[in-house]
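Written out below as structure tokens is the structure these notes cover.
Every value quoted in this text rests on a predicted model; they were computed, and no experiment measured them. Here is the naming used below: chain letters follow the sequence lines, and residue numbers restart at 1 for every chain.
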Number of protein chains: 2
Amino acid sequence: MEDDPTPPASPPTALDIVRTRSLASLVSQELEAMILSGALPAGERLNEQQLALRLGVSRGPVREAVRGLERSGLVVSVRNQGSYVRSVSAAEALEIYDLRAALTGLACARLAGTATPAQLEALGALLRRMEAAWEADAATEYYAANLDFHAALLQGGGPRGQRLYEDLGNELHLFRRRALVEPENMRESNAEHAAILAAIAAGDALAARAAGEAHIAGGKRRFQATDASQPSARQQALPAPRRRARRLA
Amino acid sequence: MEDDPTPPASPPTALDIVRTRSLASLVSQELEAMILSGALPAGERLNEQQLALRLGVSRGPVREAVRGLERSGLVVSVRNQGSYVRSVSAAEALEIYDLRAALTGLACARLAGTATPAQLEALGALLRRMEAAWEADAATEYYAANLDFHAALLQGGGPRGQRLYEDLGNELHLFRRRALVEPENMRESNAEHAAILAAIAAGDALAARAAGEAHIAGGKRRFQATDASQPSARQQALPAPRRRARRLA
DNA sequence: CAAGTGCAGGCTGTCAACAGTTTGCCGGGG
DNA sequence: CCCCGGCAAACTGTTGACAGCCTGCACTTG
């Protein structure tokens with residue numbers, strides 16, 4: 001979407017950012033990115049002072065940001081002890097897959113009844129993009145297109161479900177470094193994508209729902225296969241017992 | 001830890017509360033209750049100073065609490081302008097029903113495979129409680145038992161889904177004052193409850209899922225019927241344009 | 001040598017104050 | 001009569017500072 005009836009879709013001016021976003025929201029965004037990128041691994045302790053210093057702000061906005069992240073499930077806090085990047089257990093990861101499957105199925109079903117030709121064409125384009133990426137063996141490109149495909153799917157389902165799906169996907173990143181889509185899986189995964197699109201295009205809500213659910217279930221299966229996912233009986237609730245900065249002398 | 005590995009389910013001591021909960025979390029809890037009870041209606045502006053004064057704390061904890069509520073969808077904030085209790089449009093309310101249906105179906109399906117006799121008995125007891133409430137024409141009692149029944153259902157599904165369901169239920173309260181369950185609806189609703197329990201007891205995951213979804217879909221239908229739900233084309237994004245405290249003189 | 005105790009340091013929880021922005025009101029001009 | 005610029009109040013955004021708690025080390029004691 002280059003330009004629109006709304007203001008000329010300008011790349012958000014620096015001035016606009018300052019005028020519309022508070023420091024707390026920016027810090028929240030930054031922390032979320034750091035967590036999802038792995039710069040702050042699961043179990044890591046969040047030192048407010050350190051983060052504030054590093055981001056060049058006061059502790060207030062940092063605390064507000066952490067509260068938000070706590071609500072969204074990326075962080076857990078203990079009074080007088082600190083906040084930690086949440087670690088997701090294997091059981092929780094599997095449940096999250098189930099939830100995403102239900103959400104995806106719902107979105108696909110609705111999309112089967114409401115999809116416009118433009119939407120169908122956009123989905124088809126993403127499908128071809130993934131196919132091309134698979135043939136070129138470009139894993140990261142496939143990964144990006146895959147993300148876009150799912151986003152487009154969920155967007156057709158409704159705004160609330162979309163946000164839920166994104167949040168759950170973020171949480172999934174907290175189960176260790178997730179295994180990226182393996183090459184041999186790309187083909188299987190994309191075949192499922194095609195099935196989803198076909199059902200939507202046919203206007204068959206039930207089939208679309210089943211295909212959407214089956215796709216995420218397949219992802220869950222592939223996830224279980226690659227990641228042995230029986231590390232220890234249960235992951236500890238508070239992984240990093242507060243690593244203290246070592247005194248110099 | 002007075003005398004046991006797991007202290008005898010003591011009602012949380014005042015000291016424990018002080019020791020484990022921060023002011024921010026308590027304020028968050030309080031604000032949430034005020035919003036859900038209708039004391040702070042949808043669209044209402046949240047004045048930080050006023051709330052802080054009223055709750056006897058500083059603005060810091062209030063701000064942190066509001067950030068959490070913002071993430072959970074109960075509040076929307078605009079920089080330099082304030083925070084408002086979110087108003088949910090009719091379209092959003094309907095989507096939320098769909099999401100809850102999917103979540104409930106998922107939980108029922110899983111429960112059909114894992115339910116213990118104790119869980120089945122507990123669900124049965126709640127069912128009878130609702131029936132008794134219906135015969136006694138005790139709407140509030142029915143309402144409470146209904147809440148418990150659904151909570152028990154979702155509890156069997158998994159902790160993450162349960163929290164999601166609760167959050168969505170809370171959001172639903174923001175669509176005006178929701179109409180309580182009408183007397184004639186109680187019987188229909190409870191029949192659906194019985195169908196759910198029967199399917200779970202039979203261990204039929206597919207039927208349980210369908211029954212769970214159908215029940216929420218029924219709720220959606222009843223919701224649409226009672227609440228005309230076409231108030232105006234779309235609800236304004238920022239309902240209360242900042243009512244300013246009137247000067248005295 | 002093991003266990004218990006006291007102390008220092010760091011960090012969180014909370015508060016009060018300052019700066020910037022928005023809002024509503026009032027008066028002057030077209 | 002309507003519109004517009006200036007003004008003052010209120011409120012939010014942010015910061016810095018203080019108090020209390022927890023942690024870990026060192027020392028003492030049996």
Side-chain angles (χ1 to χ4, degrees), chain A residues 14-31 40 44-70 75-85 237-249, chain B residues 1 15-31 40 44-70 75-85 237-249:
Chain A
L15 191 139
D16 288 338
I17 294 177
V18 173
R19 206 173 288 286
T20 60
R21 306 286 302 268
S22 70
L23 275 191
S25 74
L26 292 176
V27 170
S28 175
Q29 189 176 323
E30 189 67 23
L31 282 181
L40 293 175
E44 180 85 352
R45 182 156 182 280
L46 300 179
N47 186 321
E48 293 176 3
Q49 295 188 145
Q50 206 168 301
L51 286 173
L53 188 66
R54 179 169 169 188
L55 297 176
V57 298
S58 173
R59 276 179 55 218
V62 172
R63 283 182 65 86
E64 291 181 22
V66 169
R67 281 295 171 278
L69 265 46
E70 185 178 8
V75 163
V76 292
S77 296
V78 182
R79 175 175 168 119
N80 281 328
Q81 190 176 348
S83 304
Y84 302 84
V85 178
L238 257 51
R242 186 169 200 172
R243 273 197 308 250
R244 190 165 190 169
R246 199 78 179 171
R247 286 258 293 290
L248 294 184
Chain B
M1 330 250 160
L15 192 139
D16 288 339
I17 294 177
V18 173
R19 206 174 289 286
T20 59
R21 307 286 302 266
S22 69
L23 275 189
S25 74
L26 292 176
V27 170
S28 175
Q29 189 176 321
E30 189 66 23
L31 281 181
L40 292 175
E44 181 84 353
R45 182 156 183 277
L46 300 179
N47 186 319
E48 293 176 4
Q49 295 188 146
Q50 206 167 301
L51 286 172
L53 187 67
R54 178 168 169 187
L55 297 175
V57 298
S58 171
R59 278 178 54 216
V62 173
R63 283 182 66 86
E64 291 181 22
V66 169
R67 282 292 173 279
L69 265 47
E70 185 179 9
V75 164
V76 293
S77 297
V78 182
R79 178 178 163 116
N80 281 329
Q81 191 175 347
S83 303
Y84 302 82
V85 178
L238 255 52
R242 186 170 199 172
R243 274 195 308 249
R244 193 163 187 170
R246 200 78 180 172
R247 284 259 292 291
L248 293 184

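Residues satisfying the side-chain contact (heavy atoms from CB on, under 4.5 Å) test with A:L55, not counting sequence neighbours, are A:V27, A:E30, A:V57. Every residue two or more places apart in sequence or in another chain that forms a side-chain hydrogen bond (donor to acceptor under 3.5 Å, both in side chains) with A:Q29 is listed here: A:R21. Remark: A:E48 engages A:R59, A:R63 in a side-chain hydrogen bond (donor to acceptor under 3.5 Å, both in side chains) (not counting sequence neighbours).
Atom P of nucleotide D:dT12 and atom CD of B:Q81 are separated by 11 Å, given to the nearest angstrom. We find that CZ of A:R79 is positioned 14 Å from P of D:dT23, with the value rounded to whole Å.
Here the CD-OG distance, from A:Q49 to A:S58, works out to 10.0 Å after rounding to the nearest 0.5 Å. Here the CG-CG distance, from B:L40 to B:L51, works out to 7.0 Å after rounding to the nearest 0.5 Å. Here the straight-line distance linking atom CG of A:L46 with atom CG of A:L69 works out to 8.5 Å at 0.5 Å rounding. To the nearest 0.5 Å, the span separating OG on A:S22 from CD on A:E64 amounts to 7.0 Å.
Within residues 47-57 of chain B, the residues approaching DNA chain C are B:V57, by heavy-atom distance under 4.0 Å. Within a heavy-atom distance below 4.0 Å of DNA chain C, the residues of residues 58-69 of chain A found are A:R59, A:R63.
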Salt bridge (charged side-chain N to carboxylate O under 4.0 Å, His left out) between B:R67 and B:E70, worked out: CA-CA 5 Å; B:R67 282 292 173 279; B:E70 185 179 9; 3.7 Å; yes
